[in-house]
Amino acid sequence: MRYVIIIPDGAADKPNKDLDNRTPLEVADIPNIDFLVKKGILGRAATVPDGMSPGSDVANLSILGYSPKEYYTGRAPLEAANRNISLTDNQAVFRANTVTIQDGIMVDFAGAHPTNDEAYPLIDFLEENHGIKGVKLHHGVSYRHLCVIDNLADNIPETTPPHDITDEEISNHLPDSIILNKVMNRSAELLKNYELNIERAKIGKKPVSQLWLWGGGTMPKLPTYQEKFGINGAMISAVDLLQGIAKLGGLEIINVEGATGFYDTNYKGKGEAAIKALKKLDLVIVHVEAPDEAGHNGDPQEKVKAIENIDKYIVGPILEEAKKSGNIRILCMPDHPTPLEIKTHTTDPVPFTVWGTGIAPDSSEKFTEKAAIQKEIVAGSSIIKEILLKQ
């Protein structure tokens with residue numbers, strides 16, 4: 001048996017006035033995902049345990065079969081794992097977003113999504129000039145970078161994800177940490193007259209005004225997929241978070257040219273890479289960040305378009321290959337909702353569907369939040385073992 005997990009990040013939502021009080025999943029034309037529902041099962045899963053924050057880190061650990069209550073140590077360590085950043089026992093690592101703050105307001109949690117060609121020199125410039133002892137900056141992807149800080153492993157400060165405070169005053173969300181605030185303030189000083197920002201201003205584009213540190217923690221230890229489930233597999237994703245979880249879980253990382261973690265990602269290339277990988281592996285996981293980005297930006301059209309692209313270029317080709325080859329199961333589910341109206345994540349349960357060999361249809365019709373509302377809520381971290389892999 002072979003298995004596919006498709007994760008349309010943040011695709012679940014609430015009815016939105018700009019979509020005639022429907023959700024993006026209700027509006028989107030997704031015949032392939034709906035086929036999985038009609039010929040398989042529809043369910044509802046809680047991917048965020050009670051008392052935990054609904055971050056993509058927590059929610060994706062759940063989907064991938066790791067109980068966050070047992071394994072979660074912070075978001076940044078998972079990303080650091082993918083970057084091969086090792087930590088000593090006294091070090092903590094934090095996510096370092098490039099952001100745009102104007103007049104004390106979080107205007108853009110991603111600093112207008114710089115390309116790697118823009119972001120890497122910026123991070124190098126800050127690393128060379130910040131002058132703060134025990135602090136080291138590392139490249140990530142686009143706006144997502146990392147900061148390792150000495151002597152914080154035993155006292156990780158509480159922080160706020162910047163995407164949770166879009167259009168809000170930052171003053172009430174600054175960390176209670178001298179060193180974290182020092183790093184952020186120093187980055188703001190250094191970037192005031194940074195060349196990239198001068199060029200952006202000329203064309204009316206938002207500047208990268210500073211770094212914002214959040215999601216800190218120490219490195220977790222995860223059992224591998226071979227140890228936990230007795231299978232091998234691979235991850236296809238453009239973001240360090242998912243690749244980091246996969247690497248810690250002993251999965252192969254498949255990089256797809258043109259995969260960006262944004263609206264313009266290479267959907268078709270991801271689908272093709274998944275089909276190729278299935279010829280040699282037990283499991284392939286395909287993660288797409290675009291619906292989540294659209295949710296954070298409050299952009300209903302882009303969110304619907306991203307969901308449709310996942311259906312057309314990823315689910316569709318994988319499904320056709322599965323119909324021909326047989327002996328396969330497909331799981332499709334978002335990690336969490338990212339409602340357009342509030343531009344951040346919620347803890348609400350998400351719909352999921354499983355189709356394939358040995359899965360008896362349950363008479364469901366559509367992949368929507370409303371269709372799943374009558375289903376019993378199951379733990380997200382149990383789906384792989386109890387449904388996808390169950391014989």
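For the pair V239/Q243, no side-chain contact is recorded, criterion being any heavy-atom separation below 4.5 Å from C-beta on. Looking only at side-chain heavy atoms (C-beta outward), I30 and V315 stay at 4.5 Å or farther from each other. Using a 4.5 Å heavy-atom cutoff, the side chains of P207 and T100 are in contact. Counting only heavy atoms from C-beta outward, the side chains of N84 and K247 approach each other to under 4.5 Å. Side-chain atoms of P291 and I310, non-hydrogen and from C-beta on, do get closer than 4.5 Å to each other. A 4.5 Å side-chain heavy-atom check between S67 and S62 finds every atom pair outside the cut-off. Using a 4.5 Å heavy-atom threshold, the side chains of K370 and R22 count as separate. At least one side-chain heavy atom of K280 sits under 4.5 Å from a side-chain heavy atom of E252.
Residues that satisfy the ring pair (Phe, Tyr, Trp, His ring centres under 6.0 Å) test with F229, not counting sequence neighbours, are Y225. For the side chain to side chain donor-acceptor pair (under 3.5 Å) test, no residue two or more places apart in sequence or in another chain qualifies with Y66. By the ring pair (Phe, Tyr, Trp, His ring centres under 6.0 Å) test, H173 pairs with no residue at all, sequence neighbours left out.
In the hydrophobic clustering (ILVMFWY side chains linked at under 4.5 Å, chained through shared members), L122 is joined by I123, F125, L126, L137, L190, L191, Y194, L196, V208, L211. Annotation for I101: hydrophobic cluster partners, listed by chain and number, are F94, V99, M106, I132, V135, I149, L152, I156, I165, I170, L174, I179, L180, V183, M184, W212, L213, W214 (ILVMFWY side-chain heavy atoms under 4.5 Å, direct or chained). As a member of the Ile/Leu/Val/Met/Phe/Trp/Tyr network built from side-chain separations under 4.5 Å, F109 groups with Y143. Its side chain outside the 4.5 Å cluster rule for every partner, I373 clusters with none of the Ile, Leu, Val, Met, Phe, Trp and Tyr residues.
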* To do: Carefully, step by step, assess E272 and K268 under the rule side-chain contact (heavy atoms from CB on, under 4.5 Å).
  => CA-CA 6 Å; E272 291 172 346; K268 185 178 180 182; 3.2 Å; yes
* After noting the C-alpha distance and the side-chain angles of D124 and H139, does the key distance pass the side-chain contact (heavy atoms from CB on, under 4.5 Å) rule? -> CA-CA 8 Å; D124 289 340; H139 298 152; 2.7 Å; yes
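Without hydrogens or angle criteria, N32 side chain to D311 main chain gives a donor-acceptor distance under 3.5 Å. Looking at D282, its side chain never comes within 3.5 Å of a backbone N or O of G233 through a donor-acceptor pair. Checked by atom type and distance alone, the side chain of R75 never pairs as donor or acceptor with a backbone atom of G217 at under 3.5 Å. Of the possible polar contacts, one joining the N266 side chain to the E257 backbone as a donor-acceptor pair under 3.5 Å is found. Distance alone, capped at 3.5 Å, is enough to place a donor-acceptor pair between the T357 side chain and the N327 backbone. With hydrogens and angles ignored, the 3.5 Å screen pairs no side-chain donor or acceptor of R44 with any backbone N or O of I377. A donor-acceptor pair is defined here as one N or O able to donate and one able to accept, closer than 3.5 Å; such a pair exists between the side chain of N16 and the backbone of D18. For T265 (side chain) and T260 (main-chain N/O), a donor-acceptor pair under 3.5 Å exists by modelled atom type. Judged purely by atom type and a 3.5 angstrom limit, T347 has no side-chain atom pairing as donor or acceptor with the backbone of P54.
Put simply, I314 and V37 are part of the same group of oily side chains (I, L, V, M, F, W, Y) that touch within less than 4.5 Å, one to the next. By the rule that hydrophobic residues join a cluster once side-chain heavy atoms approach within less than 4.5 Å of another member, L36 and F352 end up as members of separate clusters. I85 and M219 fall within a single hydrophobic cluster, where Ile, Leu, Val, Met, Phe, Trp and Tyr side chains are chained together by heavy-atom contacts under 4.5 Å. Linking ILVMFWY residues whenever their side-chain heavy atoms come closer than 4.5 Å, directly or via other members, places L248 and I5 in the same cluster.
The two residues A11 and E369 have their closest heavy-atom pair at O-OE2, 4.2 Å. Heavy-atom minimum distance, D292 versus G10: OD1-CA, 4.0 Å. The heavy-atom pair separating E118 from P121 by the smallest distance is O-CD, 3.5 Å. Here the shortest heavy-atom pairing between G140 and Y120 reads O-OH, 2.7 Å. The two residues I236 and V284 have their closest heavy-atom pair at CD1-CG1, 3.9 Å. Among all heavy-atom pairs drawn from P24 and I307, the shortest one is CB-CD1, 3.8 Å.
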Would you be so kind as to tabulate the donor-acceptor pairs closer than 3.5 Å made by side chains of residues 379-391, with sequence neighbours excluded?
unit_1, atom_1, unit_2, atom_2, d
S382, OG, A379, O, 2.7
Q391, NE2, Y3, OH, 3.2
Q391, NE2, L389, O, 3.0

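We find that D240 and R144 are not joined by a salt bridge, their nearest charged nitrogen and carboxylate oxygen being 4.0 Å or further apart. With salt bridges taken as basic N to acidic carboxylate O contacts below 4.0 Å, none links K312 and E308. Using a 4.0 Å cut-off between a side-chain N of Lys or Arg and a carboxylate O of Asp or Glu, E227 and K221 do not qualify as a salt bridge. Ionic pairing of E189 and R186 is present here: one or more N-O contacts between side-chain nitrogen and carboxylate oxygen are shorter than 4.0 angstrom.
For the salt bridge (charged side-chain N to carboxylate O under 4.0 Å, His left out) test with D108, the passing option among K205, R200, K206 is K206; the others fail.
For Y313, the OH atom is loosely surrounded, since the number of other residues' heavy atoms within 6.0 Å does not exceed 12. Annotation: N21, atom CG; neighbour count of heavy atoms from other residues, nucleotides and ligands within 6.0 Å is above 12. The number of heavy atoms from other shown groups lying within 6.0 Å of CG (N193) does not exceed 12. In this structure, K323 places its NZ atom where more than 12 heavy-atom neighbours from other residues, nucleotides or ligands lie under 6.0 Å away.
The list of ring pair (Phe, Tyr, Trp, His ring centres under 6.0 Å) pairs with a residue in residues 323-350, not counting sequence neighbours, reads H163-H345, H296-H345, H336-H345. Residue pairs meeting the salt bridge (charged side-chain N to carboxylate O under 4.0 Å, His left out) criterion with at least one member in residues 341-361, sequence neighbours excluded: K14-D348, D167-K343. Within the structure, the ring pair (Phe, Tyr, Trp, His ring centres under 6.0 Å) test picks out the following pairs touching residues 236-284 (sequence neighbours left out): H113-F262. Among residue pairs with one or both ends in residues 358-391, none qualify as ring pair (Phe, Tyr, Trp, His ring centres under 6.0 Å); sequence neighbours excluded.
Donor-acceptor pairing under 3.5 Å is lacking for the side chains of D117 and T115.
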